[in-house]
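Down below is the structure, laid out as structure tokens.
Residue numbers start from 1 in every chain, and the chains themselves are labelled A, B, ... in the order their sequence lines are given, proteins ahead of strands.
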Amino acid sequence: MKVRFAPSPTGDLHVGNIRTALFDWAYARHTGGTFLFRIEDTDTTRVTDEYIQAAIDTLKWLGLNWDEGPEVGGENGPYLQSQRLGIYTEWAQKFLDQKFAYHCYCSAQELEAVREAQRTANVAPGYNGHCRDLTPDQIAAYKSEGRLPVVRMRMPDGGTTFTDLIRGEVSFDHKFVPDFVLARGDGSPLYTLAVAVDDVLMKVTHVLRGEDLLSSTPRQIRVYQAMGLAPEDYPVFAHLPFVMGQDNAKLSKRNGEVSIAWYRDKGFLPEAICNYLALLGWSPGDDRENVTMKELTELFTVEKVHSSPARFDMKKLEAINGDKIRALTIDEFLDWSLPFLTKAGVITGSADEIALVKLALPLIQERIIMLSEVPTMLKFLFVKNFAVEEDSVAKITDDASKQVLQRSLKELEPLSTWNHESIEAALRSSLIEEMGLKPRIAFGAVRVATTGSTISPPLFESMELLGKEASLARIRAGLEL
RNA sequence: GGCCCCGUCGUCUAGCGGCCUAGGACUCUGGCUUCUCAAGCCAGCUACGCGGGUUCGAAUCCCGUCGGGGCUACCA
């Protein structure tokens, strides 16, 4: 049992690609089979080395490790189609020799004219078979014109029926599957050739891919036949439903970010992304939603995959990400947070800073949904030139607030033990009990003065970590505003 | 246009002929809790696209219809 993920990196891997990769991976792991990763870079005008590397990095970051493919190798390599060109040429020639395929000399303009005519005549579009049975004279004539022929597969009469693991039996009448091109005029292979040849040569048994490829399946099967494969040896197909954007269109930059890099920068955890994506078009069958990667491999089966498309919902992803963050141990949370803090310039990475971060993280673990919120939440602890946020200044310049700060200062200065219990006790008895203020009003003023914002981690714990000296200094500064 | 796929709350889904006056999660609304923001707890809103069958009985099976999507490349 071997499952493959074979993207064509014409851009950054997006949510749909990743969902496919995830299902491929989970299915392989579930069955104890092999997960093969192959790069389909036959479209040299659109695939770049950068995108290929990005695809590799993305899969690694997500934890979707592969058993065969780039970097890890394997006995069926190479795993970049651009390095396998000779193989495709060979097969194309074999198909030519066996008359399964033929040279087609039609020009792009001629083809377009045929299609145009078909459109207006309202008949099934597709290649009209013009070059199927050219005479030697005709061929010679085309050659003398300098035309470079493409290799075109001859679709036999009849039809193709196959059983899709997700959709059941699917049939195509060959009247609607025209002869298709295997190799370009310059000899380079097309997807239809390379994908089928590689799946056979790499001994792939299960093809899980996007439903956009459903109608190209008869063509792949035709190539298997031409390669001499017995029907029982054809790979099994399962066409995954789309992941769509909010407005029912395919996911794009317009309706939500699609690049996985964006999610990583925002501070989404790989496990949250995988968990959420797993729920798009699949469910364990009960009410479970929060699953670890390990549980996913245990629970995942293609039979449970839907046939209908799903819409991507950022809110749900965020909710799951929040859950995953809360499930982290402090050390894990620390490891994930540090890069965000250094990148934001909040800390430089010294041991003292890291120690303080570690003490502060428990305070914010249940109040954030993305790691990118960590720097904003903890900035007040590290900032050198402290200043109250512009929007919040007005909150502490009124007389009532001044009185609160004045009194706070008076109560806190003499404290010999500086921890959240002693701070709270001092402030509560004076501000709330003696002055008779509402907690949210009184503590709100102290919060703005010490953290610089109306939103912060719990106040007394924050002040404890900030330290007595800094806390008092900020309150004094607040009084000057 | 042709071919193919799809159709349960706003969204993701459970449901595979009676357990469904349709369950869960996210969102949203209201409340509780509360030092802010969260988290947590409680409550509420809202769905089987439509029309015919089959059946004692249908979200579940069949047909039609409408709607959405994909493909229709010397892209994948």
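Looking only at atom types and distance, the side chain of A:Arg184 has no donor-acceptor partner in the side chain of A:Thr42 under 3.5 Å away. With 3.5 Å as the limit, one finds a donor-acceptor pair spanning the side chains of A:Asp179 and A:Tyr102. For the residue pair A:Ser171 and A:Asp173, no side-chain donor N or O sits within less than 3.5 Å of a side-chain acceptor on the partner. Checking A:Arg447 against A:Ser456 by side-chain atom types alone, a donor-acceptor pair falls below 3.5 Å. No side-chain donor-acceptor contact under 3.5 Å links A:Arg152 and A:His103.
Remark: A:Arg184 is in phosphate contact with B:C75, judged by side-chain N or O atoms under 4.0 Å from OP1 or OP2. Taking only side-chain nitrogens and oxygens, A:Thr42 comes nearer than 4.0 Å to OP1 or OP2 of B:A76. A sub-4.0 Å separation between OP1 or OP2 of B:U36 and a side-chain N or O of A:Arg440 is present. Proximity of A:Arg115 to the phosphate of B:A73: a side-chain N or O atom is located under 4.0 Å from OP1 or OP2. For the OP1/OP2 pair of B:C16 and a distance below 4.0 Å, the side-chain nitrogens and oxygens of A:Lys304 include no atom meeting the criterion. For B:C35, the OP1/OP2 oxygens have a side-chain nitrogen or oxygen of A:Arg428 closer than 4.0 Å.
Distances from the side chain of A:Ser283 to the nucleotides B:A14, B:A76, B:C26 place B:A14 closest. For A:Ser216, counting side-chain heavy atoms from C-beta on, the closest listed nucleotide (B:A76, B:C74, B:C3) is B:A76. The side chain of A:Leu190 lies closest to B:A76 when the candidates are B:C6, B:A76, B:C26. Of all nucleotides listed (B:U72, B:C35, B:C74), B:C35 comes nearest to the side chain of A:Pro439. Candidate nucleotides B:C26, B:C71, B:C5 were compared by shortest atom distance to the side chain of A:Asp212, and B:C71 ranks first. You'll find that the side chain of A:Phe176 is closest to B:C3, out of B:C26, B:C3, B:C35. Comparing B:C71, B:C74, B:C6 by their closest approach to the side chain of A:Ser215 singles out B:C71. In this structure, of B:A76, B:C6, B:C4, it is B:A76 that holds the atom nearest to the side chain of A:Leu213. Of the listed nucleotides (B:C5, B:C35, B:C74), B:C5 has the atom at the smallest distance from the side chain of A:Val170.
B:A59 atom C1' lies 14 Å from atom NE2 of A:His306, rounded to whole Å. Distance, A:Glu424 CD to B:U34 P: 12 Å, rounded to whole Å. If you take CD1 of A:Ile364 and P of B:A39, they are 14 Å apart, rounded to a whole angstrom. What separates CZ of A:Arg447 from C1' of B:U36 is a distance of 4 Å, to the nearest Å. Rounded to whole Å, the distance from NZ on A:Lys316 to C1' on B:U11 is 9 Å. In this entry the distance linking NZ of A:Lys315 with P of B:C9 reads 21 Å, nearest Å. Atom CD of A:Gln109 is separated from atom P of B:C74 by 12 Å (rounded to the nearest Å). Atom-to-atom, CG of A:Asp323 to P of B:C12 comes out at 20 Å; the value is rounded to the nearest Å.
Residue A:Tyr276 is out of contact with every strand shown, counting any heavy-atom pair closer than 4.0 Å. Here A:Gly444 lies out of heavy-atom contact (under 4.0 Å) with every strand. Within the nucleic acid shown, A:Ser188 has no heavy atom closer than 4.0 Å to any nucleic acid atom. Residue-level contact check: A:Arg119 touches neither bases nor backbone, having no heavy atom under 4.0 Å from any strand. Residue contacts for A:Ser8: at a heavy-atom cut-off of 4.0 Å it reaches the sugar-phosphate backbone alone, with no base atom in range. In this structure, A:Leu279 reaches the sugar-phosphate backbone alone: every heavy-atom distance under 4.0 Å involves primed, P, OP1 or OP2 atoms, never a base. Base contact: A:Pro457 has a heavy atom under 4.0 Å from a base atom. Nucleic acid contact class of A:Thr10 (heavy atoms, under 4.0 Å, all strands): none. Residue-level contact check: A:Gly210 touches neither bases nor backbone, having no heavy atom under 4.0 Å from any strand.
The pairing partner recorded for B:C3 is B:G70, the criterion being a Watson-Crick or G-U wobble arrangement whose two distances lie under 3.5 angstrom. Across every strand in view, B:A59 sits unpaired, with no contact that passes the Watson-Crick or G-U test at under 3.5 angstrom. Base pairing of B:U29 is made with B:A43, judged by Watson-Crick or G-U wobble geometry with both donor-acceptor distances under 3.5 Å. Base pairing analysis places B:C50 opposite B:G64; the two distances defining the Watson-Crick or G-U wobble pair are each below 3.5 Å.
Below 30°, between 30° and 60°, or above 60°: for A:Phe300 and A:Tyr27 the angle between ring planes is above 60°, a perpendicular geometry. The aromatic rings of A:Tyr142 and A:Tyr105 lie parallel to each other, with less than 30° between the two planes, well short of the 60° mark.
Residue-environment remark: NZ (A:Lys315) stays at or below the threshold of 12 foreign heavy atoms within 6.0 Å.
Between A:Arg84 and A:Glu90, none of the side-chain N atoms (NZ, or NE/NH1/NH2) sits under 4.0 Å from a carboxylate O, so this pair counts as no salt bridge.
Residues A:Leu111 and A:Pro458 both approach RNA chain B. Their nearest nucleotides, taken by heavy-atom distance, put A:Pro458 toward the 5′ side. Of the two residues contacting RNA chain B, namely A:Ser107 and A:Glu289, the nearest-nucleotide position lying further toward the 5' end is that of A:Glu289.
Rounded to whole Å, the P atom of B:C9 lies 13 Å from the corresponding atom of B:A14. Straight-line distance between the C1' atoms of B:C28 and B:U65: roughly 34 Å, to the nearest whole Å.
Between the side chain of A:Arg367 and the base of B:U36 there is at least one donor-acceptor pair of N/O atoms closer than 3.5 Å.
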